[in-house]
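Written below as structure tokens is the structure these notes are about.
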Amino acid sequence: MPLPPKVRLVEVGPRDGLQNEKQPIDVAHKVALVDELTNSGLEYIEVGSFVSPKWVPQMAGSSEVFAGITRKPGVTYAALTPNMKGLDAAIAAGVKEVAVFAAASESFSQRNINCSIAESLERFVPMFETAQKHDIRVRGYVSCVLGCPYEGDIAAEQVAYVSRELYAMGCYEISLGDTIGVGTAGKTRRLLDIVGRDVPRDRLAGHFHDTYGQALANVYASLLEGITVFDASVAGLGGCPYAKGATGNVSTEDVLYLMQGLGIETGVNLERLVSAGQRISDVLGRQNGSNVARAILAASK
Ligand code: HMG
Ligand code: MG
């Protein structure tokens, strides 16, 4: 397939990234991060999640974060919601787009949201009704699409099944999550070939964690398969609290650099993105997880 002229970057750092940090991060730093990401030109930012604070304490302040950010017209500020309680809280916070999340692995579903795959899909039904009433768009995630920390290999047909169900229920887009970053370019292409038979490719997104250093290769493999939406995390922040050892998402800076090299438009300013990533890395006292950001910052010293 020819490469697309434009791709959409979905910035998940404030949610997928920060949810996994050990030390508390105050609301003001989260707000500053989201505002800086907005100023870099990103059109889609996942700001936080409305999940149980007992399960994921880092996301406890998401209502306050939504109240504090400066919303730029044309930018989507989304939240992750696992159930009606989460959706109600998101609505109260003025959120106009939410994401539901299911898994392609039964064991991961149990550990992450305390129910089976079928139960999770049932749980989403009333959420779609409420979302529709409030004019809220719903995105869907499928976790463990290229492997599970508890079950190992996951059949592509199982990923296709969960994706198809979420799409039929009303998710306008399905983000395929390589939660533990074990996928390779070949496996990614085979997966997209199979899932792409059930869900149109322009309704699929790639969500690659970089645990094995394959995420950027998987993004490129996905481009070759006609995928034009990629989730990424500034400074490569993050991991998954229910996938031991999983590292952050592919960094947004690295994906942007790849796209620039291919002449693919994103609308994002690399310099501003690098500075947002370095600032939050400094706040967290951790090394910047983006190779591109580290190289640019080292060269500018
Ligand atoms: P549960 O314990 O089965 O839920 O957890 P419950 O309905 O029995 O409620 C238990 C308690 O939680 C109650 O409080 C509820 O009020 C409260 P208590 O009476 O004990 O004081 N509760 C809530 N509080 C706030 N917000 C809510 C909420 N719901 C219930 N929405 C539940 C089920 C789904 C709530 C829990 O398992 C949970 O919150 N899980 C979230 C896990 C999570 O956030 N994981 C990380 C995000 S997914 C991810 O990172 C993967 C992704 O990036 C893609 C990829 O990489 O693969 C998306
Ligand atoms: Mg993730």
Side-chain angles (χ1 to χ4, degrees), residues 10-21 46-63 78-93 95 98-105 107-117 119-124 126-127 130 138-151 154 159 162-163 166 171 173-183 191 204-211 215 218 229-234 236-252:
V10 169
E11 173 57 54
V12 296
R15 193 281 302 170
D16 206 345
L18 298 187
Q19 74 180 8
N20 206 40
E21 291 298 329
E46 204 171 64
V47 172
S49 63
F50 293 93
V51 300
S52 163
K54 284 183 197 143
W55 287 63
V56 185
Q58 282 296 7
M59 291 289 110
S62 290
S63 298
L80 206 66
T81 52
N83 53 18
M84 274 306 294
K85 189 173 169 119
L87 179 59
D88 288 342
I91 292 170
V95 176
V98 298
V100 294
F101 49 111
S105 143
S107 315
F108 188 82
S109 183
Q110 288 292 350
R111 308 265 179 135
N112 193 37
I113 49 177
N114 205 23
C115 65
S116 68
I117 296 169
E119 282 164 348
S120 73
L121 296 175
E122 268 168 45
R123 202 179 265 181
F124 298 152
M127 293 175 69
T130 302
V138 184
R139 193 173 194 245
Y141 281 104
V142 183
S143 286
C144 300
V145 300
L146 290 165
C148 166
Y150 313 109
E151 293 181 16
I154 295 292
V159 180
V162 180
S163 304
L166 287 175
C171 289
E173 183 170 282
I174 309 297
S175 176
L176 299 173
D178 183 10
T179 317
I180 52 170
V182 288
L191 175 75
L204 292 174
H207 178 106
F208 299 104
H209 285 261
D210 201 29
T211 318
N218 296 338
V229 182
F230 296 99
D231 302 356
S233 175
V234 71
L237 296 174
C240 175
Y242 297 98
K244 200 164 170 261
T247 60
N249 298 78
V250 65
S251 75
T252 318

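Whatever order the structure lists ligands and atoms in, that order sets their numbers, starting from 1.
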Please compare [options] and report which has the shortest non-hydrogen distance to [atom].
{"atom": "atom 31 (N) of ligand 1", "options": "Asn249, Ile180, Asn83, Asp231", "result": "Asn83"}
{"atom": "atom 33 (C) of ligand 1", "options": "Leu176, Leu146, Ile113", "result": "Ile113"}
{"atom": "atom 23 (C) of ligand 1", "options": "Lys54, Met84, Lys85", "result": "Lys85"}
{"atom": "atom 26 (N) of ligand 1", "options": "Asn112, Asn20, Val51", "result": "Val51"}

As a quick check of understanding, evaluate side-chain contact (heavy atoms from CB on, under 4.5 Å) for Val98 and Met127, giving each step before the final call. CA-CA 10 Å; Val98 298; Met127 293 175 69; 5.7 Å; no
[X] versus [Y], closest heavy-atom pair with distance:
{"X": "Glu21", "Y": "Gly238", "value": "OE2-N, 4.2 Å"}
{"X": "Arg123", "Y": "Asn83", "value": "CD-CB, 4.1 Å"}
{"X": "Ser175", "Y": "Asp231", "value": "OG-OD2, 2.7 Å"}
{"X": "Phe208", "Y": "Gly206", "value": "CE1-CA, 3.8 Å"}

[X] neighbourhood, listing ligand 1 atoms whose heavy-atom distance to it stays under 4.0 Å:
{"X": "His207", "answer": "53 (O), 54 (C), 55 (C), 56 (O)"}
{"X": "Asp16", "answer": "50 (O), 53 (O)"}
{"X": "Asn114", "answer": "1 (P), 2 (O), 3 (O)"}
{"X": "Ser143", "answer": "51 (C), 54 (C), 55 (C), 57 (O)"}
{"X": "His209", "answer": "56 (O)"}
{"X": "Pro53", "answer": "24 (N), 25 (C)"}
{"X": "Gly86", "answer": "31 (N)"}
{"X": "Leu80", "answer": "47 (C)"}

Purely on distance, is any nitrogen or oxygen of [X] under 3.5 Å from one on ligand 1?
{"X": "Ser49", "answer": "no"}
{"X": "Arg15", "answer": "yes"}
{"X": "Cys144", "answer": "no"}

Check the pair Ser233 / Asp16 against side-chain contact (heavy atoms from CB on, under 4.5 Å), numbers first and verdict last. CA-CA 7 Å; Ser233 175; Asp16 206 345; 5.7 Å; no
Roughly how far apart are [X] [atom1] and [Y] [atom2], rounded to 0.5 Å?
{"X": "Ile117", "Y": "Ser107", "atom1": "CD1", "atom2": "OG", "value": "9.0 Å"}
{"X": "Asp210", "Y": "Ile180", "atom1": "CG", "atom2": "CD1", "value": "13.5 Å"}
{"X": "Asp178", "Y": "Ile154", "atom1": "CG", "atom2": "CD1", "value": "11.0 Å"}
{"X": "Thr130", "Y": "Leu87", "atom1": "OG1", "atom2": "CG", "value": "6.0 Å"}

Below 4.0 Å from ligand 1: does a non-hydrogen atom of Ala103 turn up there or not? no
About how large, to 10 degrees, is the angle NE2 of His209, then the Mg ion (ligand 2), then NE2 of His207? 90°
What do the steps show when you test Met59 against Leu18 for side-chain contact (heavy atoms from CB on, under 4.5 Å), and what is the final call? CA-CA 8 Å; Met59 291 289 110; Leu18 298 187; 4.1 Å; yes
Tell me which part of Val12 gets within contact of ligand 1: side chain, backbone, both or neither, using heavy atoms under 4.0 Å.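 Neither part.
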Heavy atoms only, cut-off 4.0 Å: how does Thr179 contact ligand 1, side chain, backbone, both, or neither? both
Does the cation-pi check pass for Arg15 over Tyr141, that is, NZ or CZ under 6.0 Å from the six-membered ring centre and within 45° of its axis? yes
Let me check your reading of the structure: within less than 2.8 Å of the Mg ion (ligand 2), is there an N/O/S atom from Asp16? yes
